[in-house]
Amino acid sequence: MNRTRIVVLISGSGSNLQAIIDAVQAGDIQADICAVISNRPNVLGLERAEKAGITTVTLDHKEFESRDAYDAALMNKIESFTPDLVVLAGFMRILTPSLVQKFKGKMLNIHPSLLPKYQGLNTHQRAIDAGDSVHGVSVHFVTEELDGGPVIVQAKVDILPNDTADTLAQRVHQQEHIIYPLVVKWFSEQRLTMEAHYAVLDNKELPSEGAQYN
Ligand SMILES: Nc1nc2c(c(=O)[nH]1)N[C@@H](CN(C=O)c1ccc(C(=O)N[C@@H](CCC(=O)O)C(=O)O)cc1)CN2
Ligand SMILES: NCC(=O)N[C@@H]1O[C@H](COP(=O)([O-])[O-])[C@@H](O)[C@H]1O
């Protein structure tokens, strides 16, 4: 089977990118990250990609007249790498319908909440302010509806009495770094489609104790 070609979009730290890089380099995912594209210059995620020998591109949205113009350029840049999968890993731009349609069924996003709760931004603080006892993270297919695409897998994280957004985010990140590589692995093994977004799991694939799945 040909190796899955992946393009990753980032905007910042790139810890989820790093988790996927590590899984590819360990041979857990039979795929190649062909490029990492950032909408912000000089972010740590670009350094992570360069250290791994991955082609990096900065496409700064501030240099474009409109969201449509930016997304047209972004679409062309993504397509130039002929990806089988586009992974949004902390990519902080809302994508236009034309770009989403182009990659529908092969574009994933990780969102730091138990969707459909808390679509959008600032999710950790919103969960704390709401008095929730459980928070978490979702990996989903990207559709035109912001954070509204079919959810593939979620991981739960308890909210502790003295949690701040930062302390909660740290525990959410830990779960992100488990489930995102797992979903990319499932996709690379052609066990995920948006129509029937399921994965046939062998028990050995699930991480050891510590990961929570609802
Ligand atoms: N059409 C879609 N675009 C995106 C999706 C999606 O599901 N459908 N997921 C988001 C990721 N995301 C949350 O998971 C998200 C990213 C960015 C924003 C947002 O409000 N962005 C602002 C700029 C914010 C900034 O620069 O800090 C904007 O684009 O104007 C909300 C949710 C990725 N895109
Ligand atoms: N709405 C999108 C969003 O908030 N995504 C979140 O941004 C962080 C990126 O971290 P990373 O750059 O270290 O992977 C992650 O926590 C991800 O869930």
Side-chain angles (χ1 to χ4, degrees), residues 8-24 26 28 33 36-52 56 58 60-62 67 86-95 107-143 145-185 206-214:
V8 181
L9 305 189
I10 64 168
S11 296
S13 163
S15 69
N16 277 283
L17 165 67
Q18 189 65 62
I20 297 167
I21 289 172
D22 293 348
V24 169
D28 295 337
I33 301 174
V36 171
I37 303 173
S38 175
N39 69 302
R40 294 176 183 159
N42 308 315
V43 295
L44 178 56
L46 291 171
E47 290 179 35
R48 294 178 193 265
E50 286 154 12
K51 281 181 183 167
T56 60
T58 297
D60 188 343
H61 64 278
K62 293 177 182 161
R67 193 178 295 271
V86 182
V87 172
L88 307 187
F91 185 68
M92 300 305 286
R93 299 293 298 174
I94 298 172
L95 297 171
M107 180 179 276
L108 304 175
N109 181 53
I110 191 160
H111 179 77
S113 79
L114 293 175
L115 291 171
K117 291 189 83 171
Y118 309 126
Q119 294 169 330
L121 298 176
N122 200 28
T123 62
H124 309 305
Q125 193 59 56
R126 289 158 65 189
I128 291 170
D129 293 345
D132 293 354
S133 57
V134 178
H135 188 42
V137 55
S138 308
V139 178
H140 64 96
F141 284 104
V142 174
T143 63
E145 181 189 356
L146 184 62
D147 305 329
V151 173
I152 298 163
V153 69
Q154 296 180 309
K156 289 180 180 177
V157 176
D158 291 337
I159 299 178
L160 305 178
N162 300 321
D163 258 330
T164 65
D166 287 344
T167 59
L168 180 56
Q170 283 172 6
R171 294 199 309 281
V172 169
H173 272 314
Q174 288 170 352
Q175 295 302 315
E176 292 180 341
H177 302 159
I178 293 169
I179 68 172
Y180 218 177
L182 198 55
V183 173
V184 172
K185 173 183 169 66
L206 284 176
S208 58
E209 283 305 307
Q212 296 172 313
Y213 292 85
N214 62 346

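Taking every heavy atom of both residues into account, Tyr180 and Leu88 meet most closely at OH-O, 2.7 Å. When all heavy atoms are compared, the tightest approach of Ser113 to Lys117 is OG-O, 2.6 Å. When every heavy atom of Val8 is checked against every heavy atom of Ala89, the shortest pair comes out as CG1-CB, 3.8 Å. The minimum heavy-atom distance between Gly136 and Val172, with the atom names listed, is O-CG1, 4.1 Å. Between Gln119 and Gly148, the shortest heavy-atom contact is NE2-CA, 3.8 Å.
Side-chain atoms of Lys185 come within 3.5 Å of backbone atoms of Asp28 as a donor-acceptor pair (strictly under, hydrogens ignored). A donor-acceptor pair under 3.5 Å is absent between the side-chain atoms of Ser38 and the main chain of Pro41, judged by distance alone. The backbone N or O of Lys62 sits less than 3.5 Å from a side-chain atom of Asp60, completing a donor-acceptor pair. With hydrogens and angles ignored, the 3.5 Å screen pairs no side-chain donor or acceptor of Gln154 with any backbone N or O of Val137. Listed for the Asp147 side chain is a donor-acceptor partner under 3.5 Å among the backbone atoms of Gly120. Under the 3.5 Å distance criterion, the side-chain polar atoms of Arg67 are matched with a main-chain donor or acceptor of Ile94. Judged by distance alone, with hydrogens and angles left aside, the side-chain atoms of Arg40 form no donor-acceptor pair with the main-chain N or O of His61 at under 3.5 Å. Counting only distance, with no hydrogens or angles, the side chain of Ser138 and the backbone of Leu115 share a donor-acceptor pair below 3.5 Å.
For the atom pair NE2 of His173 and CD of Gln170, the computed distance is 8.0 Å after rounding to the nearest 0.5 Å. Note: Lys51 NZ to Thr56 OG1 = 13.5 Å, rounded to the nearest 0.5 Å. Going from atom CD1 of Ile37 over to atom OG of Ser11 covers 11.5 Å, rounded to the nearest 0.5 Å.
A salt bridge does not link Arg126 with Asp132: every distance from a Lys NZ or Arg NE/NH1/NH2 to an Asp or Glu carboxylate oxygen is 4.0 Å or more. Of the charged side-chain nitrogens involved, at least one lies within less than 4.0 Å of a carboxylate oxygen, so that Asp163 and Arg171 count as a salt-bridged pair.
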*Assess whether side chain to side chain contact (heavy atoms under 4.5 Å, CB included) is satisfied between Val184 and Val87, documenting all intermediate values.*
CA-CA 8 Å; Val184 172; Val87 172; 4.2 Å; yes

*Using the side chain to side chain contact (heavy atoms under 4.5 Å, CB included) rule, take Leu108 and Ile152 through it: C-alpha gap first, then chi angles, then the decisive distance, then the call.*
CA-CA 9 Å; Leu108 304 175; Ile152 298 163; 3.6 Å; yes

*Check step by step if side chain to side chain contact (heavy atoms under 4.5 Å, CB included) holds for Leu160 and Thr167.*
CA-CA 9 Å; Leu160 305 178; Thr167 59; over 6 Å; no

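The closest side-chain heavy-atom distance from Ile20 to Leu17 is not below 4.5 Å. At least one side-chain heavy atom of Glu176 sits under 4.5 Å from a side-chain heavy atom of Pro112. Side chains of Ile159 and Val134 form no contact here, defined as non-hydrogen atoms less than 4.5 Å apart. Side chains of Leu168 and Ile128 form a contact here, defined as non-hydrogen atoms less than 4.5 Å apart. Contact check for Asp22 versus His177: no side-chain heavy atoms found under the 4.5 Å cut-off. Under the 4.5 Å side-chain criterion, counting only non-hydrogen atoms from C-beta, Ser13 is in contact with Leu44. Inter-residue side-chain proximity for Ile10 and Val36 is flagged as met; some heavy-atom pair is nearer than 4.5 Å. Side-chain contact between Lys156 and Gln175 is absent, with no heavy atoms from C-beta onward closer than 4.5 Å.
Other residues, nucleotides and ligands contribute more than 12 heavy atoms inside 6.0 Å of the CG atom of Asp129.
In the model, His124 has a side-chain atom that pairs as donor or acceptor with a side-chain atom of His135 under 3.5 Å.
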